[in-house]
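Chain letters run A, B, ... following the sequence lines, proteins first, then strands; residues in each count from 1. As a basis for the values below, the full set of heavy atoms in this structure was taken, side chains included, without hydrogen atoms, waters or symmetry mates.
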Protein chains: 2
Amino acid sequence: MNLVPPNGRRPTMKDVAAMAGVSLSTVSRVVNGSPPVAPELAVKVERAVEMLGYRHNHTAGTLRRANGLSGSLGLIIEDVSNPFFSAVHRGIEEVARTRSVVTFAGSSDEDAEREHALIEAVLARRVDGLIVVPTAADHTYLLRDVANGLGLVFVDRPAQSIDADSVLSDNRGGAQRAVEHLLAHGHRRIAFVGPPPTLYTARERLAGYRAALAPAGLSELVRHAVEPADAYGAVLGLLDSDHAPTALFTSQNLITIEALRALHGRGRQHEIAHVGFDDIVLASAIDPAVTVIAQDPVGLGRAAAELLFSRLDGFVGPSRRVELPTPLVVRGSGELRPPG
Amino acid sequence: MNLVPPNGRRPTMKDVAAMAGVSLSTVSRVVNGSPPVAPELAVKVERAVEMLGYRHNHTAGTLRRANGLSGSLGLIIEDVSNPFFSAVHRGIEEVARTRSVVTFAGSSDEDAEREHALIEAVLARRVDGLIVVPTAADHTYLLRDVANGLGLVFVDRPAQSIDADSVLSDNRGGAQRAVEHLLAHGHRRIAFVGPPPTLYTARERLAGYRAALAPAGLSELVRHAVEPADAYGAVLGLLDSDHAPTALFTSQNLITIEALRALHGRGRQHEIAHVGFDDIVLASAIDPAVTVIAQDPVGLGRAAAELLFSRLDGFVGPSRRVELPTPLVVRGSGELRPPG
DNA sequence: CTGTTAGCGCTTTCAG
DNA sequence: CTGAAAGCGCTAACAG
C-alpha cells in the first residue's frame, strides 16, 4: 500500500502517465475531472495515482491555467491571536471553504512596514485576493495589482488612500447608542475611556459618544489610554476625582476588561453604570453582568469574503461599503441608575 | 508613477528584461539579489521593475529552484478563532516570519474529513511543512510526503498512527498539580468536571486528577460535559447533591467559564475552592480571582515551528517529543479552605 | 560578469 | 475520445 518511491522525488503526472500507459493530457483530464475520458482509462490512471502516491501540484497548474487562479487568498490582520480578528478570519474561512480556497493569514502588529512585507510575500505566492485590516496610510501600490485582477477588500477600517471595497462595523452608531442608553437611565456625568483617536475605529466611537452628549447639552469627560493597561489607572482616577462620573463608557475590548478590574477592585461595580464596546467572554458570569455593544466579527469576515469573491467572479461595479449593525446587549451593568 | 500597463496582463521578467535591455537571467539575478551583477545593469533592471510594477512570481520559481521550497507552510488547528489555537498560530508565525515563510491556516472543526480535505488542499499548494492539531486517527497517508521532504509536526496532541515530531503540554502533570494543590489546602471531596476522555488532552487531565487522588486514598467524583455548556448544569448538580464537593477542578477553558457562571450564579464562589486548567481572560478581575494551571500556547507554536524548520534544515534524527510545563498560577479561588 | 538554453509540472490548443 | 506539442514564469547550468 504505502510504497515510498525509491528516489526522494515526488511523483509527477509524467510518472503517472507512464505507469498507466496513457498520455499526459489524459492524466490531466482524469485528475481534474474534466471529461470526456473513457472509464477504463480513468480507472488505470486512478490506480497509478494510488500506487505512486501522486499528489497534484496545483501551483504548477496555476502557471498554465486559463484563469490563472491559485485558489488562495491572503489575510492581513492586526494579530491572528486577537479574538476579534481571529473571528474575522473564521468568517472568511467559512465562505472560502465553499470554494476550496485556502487562506494565508498573518499579523501586521499595527506596523505599516510589517503589513507591507506580508502583502508582498503573499502576492509573490500569487494569491487571488487580499483581505486587509489596514494599518498603513498608503496602499496605492496595490492599484496595479487590482487592475491586473487582484481582489482587494478592507475590513474593520476603510483604506485611506485608495478606493476599494470595505466592510465595517457601525462604530459611531454603536457608541452613540451606548451613551444614549446611559442617558436614558438618568446619568448626566458619563465618562469615556478609550484609546486615543489615532485609529479609525477609536475616532468613530469617540464621535459617537460626543454625538450622544451634545443634544443633551452635557459636557464630555474623556480619558485616553495609550495602552489598554493604562485604562486601569484612568478609571481609578475618575472614581477618585471630585466630580466623579456616575457612568462609564469604555470603547474597546481590552479597555473594558481593565475598567472591570478597577471597578471590582474598588467594589464600585454596583454603583457605577458601565457599557463597553465589544462583547467579552465571561461578561455574563460576573456580577453585575456587563452590558455591551456587540460587534459581529465573524459576519465582518463573511461579508468581506463575499465581496472579494464577487469581484473574482467578474463583478466590475464601483467600490462597495458594507456596514454591519452593532446592537446593544443589555445585561445589567448598563442599567444601574445614578444615586439619588 | 502608477502607470497601469495597457493590457490586463501582469508584467513578467521577460517584460522587465526587454525594457531594461538585458537578458532574463540578469533580471533573475537582480530580483533574487544574487550577485555578481554590474551595478549599472542592476539599476536599469530596478528602474524597469519600478516602471512596470513587476511583481516576482515566487511560485513559478519554486518549480525550477534547486531546493524546491515554496516558503509556505500549512497549519491545521481545531478552530482558528479559538483563543488557545490562535495563540499557537501566533507562535508559529513568530518563527516563520524570521524566515520569510507564510502560513496557510485552517480549521478542522474536530472533523477528520475536513482535516483531510484541508491537508490535501495545502499540500496541492506545495507547502514545505505541515503543523497539525490532529483530529483524525489515521495519518499514514502523509508518510510518503514526509519521505519526499515534507516537514510534519503534531501539536497539542500526539498523532496516533504515525511516528512524527510533536509538541505537547504537560497535561497530566498539570492536572495532578492542581488537585494536589487542593488537597494541600485540606480538601477531601474534590470533583472533576471536564469533557469525556475521547480526546488525548482530556484523557491525560483525567489521569492526572486520579493520580493525585489515589495516594491520598480518596474516591473520585467525576462529571463529564459533552458540550461545554453542559458543565453549567453539572456544577449546579454537584452543589445540590447530598455529598457535595468542597472543591472543583475544571479541566478546560470553556468548562471553567461555565463553572464560574454556576458558582457565581449561586453565590458559592467564596465557599467552593476552584482550580481550572487553562488560563482565562478576566481570571484576575473576578472575585475571587481564579487559580489556574496555565498552558503556553504561543510557546507550543514556537516549539512546533522550530522542530519543523530543523527538519527542513536537514535534521534527520528520530522523531522528537517536546513537552511544555504547565505551571500553577495562584490567584485565590484555589486557596479557599473547606468549611470546618 | 552576462546571455543562451533547457526544463520544472502542469494545462491547453490542435490534430488525429 | 486521445495524444503530441507548445508554453505558463521562472532558475540553473553552461558557454562566452
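We find that A/R10 and A/D15 are not joined by a salt bridge, their nearest charged nitrogen and carboxylate oxygen being 4.0 Å or further apart. Between A/R311 and A/D128 no salt bridge is recorded (no basic side-chain N to carboxylate O distance below 4.0 Å). B/D163 and B/R321 are not joined by a salt bridge, as no carboxylate oxygen comes within less than 4.0 angstrom of a charged side-chain nitrogen. Salt bridge B/D109/A/R97: present, at least one basic N to carboxylate O contact under 4.0 Å.
In this structure A/E120 satisfies the salt bridge (charged side-chain N to carboxylate O under 4.0 Å, His left out) test together with B/R55, sequence neighbours excluded.
Residues A/I77 and A/S108 have side chains not in contact (no heavy-atom distance under 4.5 Å, counting atoms from C-beta outward). Between B/P158 and B/L168 the shortest side-chain heavy-atom distance falls below 4.5 Å.
Using a 3.5 Å distance cut-off with no hydrogens or angles, the side chains of B/S28 and B/N32 do pair a donor with an acceptor. In this model, a donor atom of one side chain and an acceptor atom of the other lie less than 3.5 Å apart for B/E115 and B/H139. Side chains of B/N57 and B/T59: a donor on one and an acceptor on the other come within 3.5 Å. In summary, the side chains of B/E93 and A/S107 do present a donor paired with an acceptor at a separation below 3.5 Å, with no hydrogens or angles considered.
Here C/dC8 presents its C1' atom at 10 Å from NZ of A/K14, a figure rounded to the nearest Å. Per the geometry, CG belonging to A/D15 stands 8 Å off P belonging to C/dG9, to the nearest Å. When the C1' atom of C/dG9 is taken as reference, atom CZ of A/R10 falls 12 Å away, rounded to whole Å. Between B/N148 atom CG and C/dG9 atom C1' the separation is 15 Å, expressed in whole Å. For B/N57 and C/dC8, the CG to C1' distance is 13 Å, given to the nearest whole Å.
B/H58 comes within contact range of no nucleotide atom at all, as no heavy-atom separation falls under 4.0 Å.
Contacts of residues 60-70 of chain B with DNA chain C (heavy atom under 4.0 Å): B/L63, B/R64. Of the residues in residues 16-28 of chain B, those placing a heavy atom less than 4.0 Å from an atom of DNA chain D are B/L24, B/S25, B/S28, in numerical order.
Contact of B/R29 with C/dG3 (side chain to base): a donor-acceptor pair of N or O atoms is detected under 3.5 Å.
In this model, the phosphate group of C/dT11 is approached by a side-chain N or O of A/N32 to a distance below 4.0 Å at OP1 or OP2.
In this structure, A/R99 is positioned above the aromatic face of A/F309, its NZ or CZ under 6.0 Å from the six-membered ring centre and within 45° of the axis.
Among residues at least two apart or in separate chains, salt bridge (Lys or Arg N to Asp or Glu O under 4.0 Å) pairs with a member in residues 67-86 of chain A are A/E78-A/R157, A/D79-B/R90.
Helix-axis bend for the helix from C/dC1-D/dG16 to C/dG16-D/dC1: the local axis fitted to the five terminal pairs at one end deviates from that at the other end by 40°, rounded to 10°.
Mapping heavy-atom proximity under 4.0 Å, the span of DNA chain D touched by chain B runs 5' to 3' from D/dG9 to D/dA13.
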